[in-house]
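Each remark here refers to the structure printed beneath this line.
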Amino acid sequence: MLIHGLQKMTLLDFPGKVACTVFFDGCNFRCPFCHNSELLGVGFPPLMDDEQLLSFLQKRQGILDGVCITGGEPLLQKELPKLLEQIKALGFLVKLDTNGSFPEILAELIRRGLVDYVAMDIKNSPQCYAKTVGKERFDLAQVEKSVDLLLKGAVDYEFRTTVVAQLHDDASFHGIGQWIKGAKRYFLQCFVPRDSVLQPGLDAPTEADMHRYAEIARIYVPETGVRGV
Ligand code: SF4
């Protein structure tokens, strides 16, 4: 497998763990606020292959607790289960970031004990999903299946939303809250404008808006936190 990025150590990406973060390219969404736009198409030069990654991880045994797998959308990678087997065999915990498009693969990874923590994006309320993932139309069925799977609690997880001034409002968080009601935990992450985002001109919400949105979400998910403000 080709790995397109490696952050050798992070204290932020895997809650409570010292981890590294591995980036894969390719994504089926085109979220206008995406920070990893260089990873969305296939063709970005790879950094290393899986043998080189495993060699790096062998040297980090006893130093790192876990490995974060992100993208792009990592579940597009056909060989991911095999790589996760090898990472788990080295004794690392695995956190997976996903946009929720591939519930069957996610269920299989959970069933086989290949992931320990899942962070799933909830891009917006169901009514506003298409524009928030950069599509004219969007069938939410697969994402709904992934939400239902995580709500069953077979693996530790969080839902999270990157909040963008032009894409979210109070109604967004009533809609999301009703959808994921009873979730274990939910985070609102403040969008950070950067030159590399897909659609220039998007803004971060105000701090007051972030806290008001979190209050709305707590009606439905008491364990709602805010990141980035
Ligand atoms: S934000 Fe995530 S889901 Fe959206 S386009 Fe970027 S990598 Fe894909």
Side-chain angles (χ1 to χ4, degrees), residues 1-7 10 12-14 20-47 67-78 80 94-106 109 115 117-147 149-150 157-168 172 176 179-180 186-205 210 213 227-228:
M1 288 175 72
L2 297 177
I3 285 133
H4 287 78
L6 174 66
Q7 185 176 352
T10 172
L12 300 175
D13 287 357
F14 197 152
C20 65
T21 300
V22 180
F23 296 83
F24 293 97
D25 82 346
C27 188
N28 54 323
F29 287 1
R30 288 294 180 273
C31 309
F33 52 88
C34 182
H35 276 171
N36 294 338
S37 54
E38 71 278 11
L39 294 177
L40 295 186
V42 178
F44 189 69
L47 183 71
V67 179
C68 303
I69 303 289
T70 193
E73 171 48 52
L75 295 186
L76 283 168
Q77 304 292 326
K78 300 277 179 277
L80 187 65
V94 171
K95 176 201 175 219
L96 174 73
D97 293 343
T98 180
N99 64 28
S101 294
F102 303 99
E104 290 80 13
I105 302 171
L106 180 60
L109 295 181
V115 291
Y117 192 90
V118 176
M120 181 182 154
D121 298 335
I122 303 291
K123 302 293 187 184
N124 210 330
S125 61
Q127 295 79 1
C128 297
Y129 229 81
K131 72 172 180 182
T132 316
V133 301
K135 309 257 187 193
E136 281 195 18
R137 286 188 204 84
F138 185 72
D139 180 354
L140 204 57
Q142 294 294 89
V143 175
E144 287 175 331
K145 282 185 196 170
S146 292
V147 167
L149 176 67
L150 293 179
Y157 71 95
E158 68 182 47
F159 293 122
R160 62 192 188 175
T161 300
T162 299
V163 186
V164 182
Q166 287 86 350
L167 295 172
H168 299 93
S172 303
I176 293 171
W179 182 13
I180 64 166
Y186 176 48
F187 289 99
L188 276 55
Q189 305 182 157
C190 190
F191 170 69
V192 179
R194 282 188 201 152
D195 290 343
S196 61
V197 299
L198 269 184
Q199 182 181 312
L202 296 175
D203 299 307
M210 283 293 285
Y213 296 154
R227 290 174 175 152

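Atoms within each ligand, like the ligands themselves, are counted from 1 in listed order. Every value quoted in this text rests on a predicted model; they were computed, and no experiment measured them.
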Q | Single hit among D121, T162, N124 for side chain to side chain donor-acceptor pair (under 3.5 Å) with T132 | A | N124
Q. Between the main-chain N or O of F29 and the side-chain N or O of E73, is there a donor-acceptor pair closer than 3.5 Å?
A. no
Q | ring pair (Phe, Tyr, Trp, His ring centres under 6.0 Å) between W179 and Y129, intermediate numbers included | A | CA-CA 12 Å; W179 182 13; Y129 229 81; 5.7 Å; yes
Q.
So that I can tick it off, tell me whether R137 and D139 are bridged by a salt bridge, with the cut-off set at under 4.0 angstrom between side-chain N and carboxylate O.
A. no
**Q.** For G72, the ligand 1 atoms whose distance to one of its heavy atoms is below 4.0 Å
**A.** 7 (S)
Q: First locate atom CG of L167, then atom OG1 of T161, and finally report the distance between them rounded to the nearest 0.5 Å.
A: 11.5 Å
Q | Under 2.8 Å from atom 4 (Fe) of ligand 1, the protein N, O or S atoms, given as residue and atom | A | C31 SG
Q. For S146, what residues pass the side chain to side chain donor-acceptor pair (under 3.5 Å) criterion, not counting sequence neighbours?
A. none
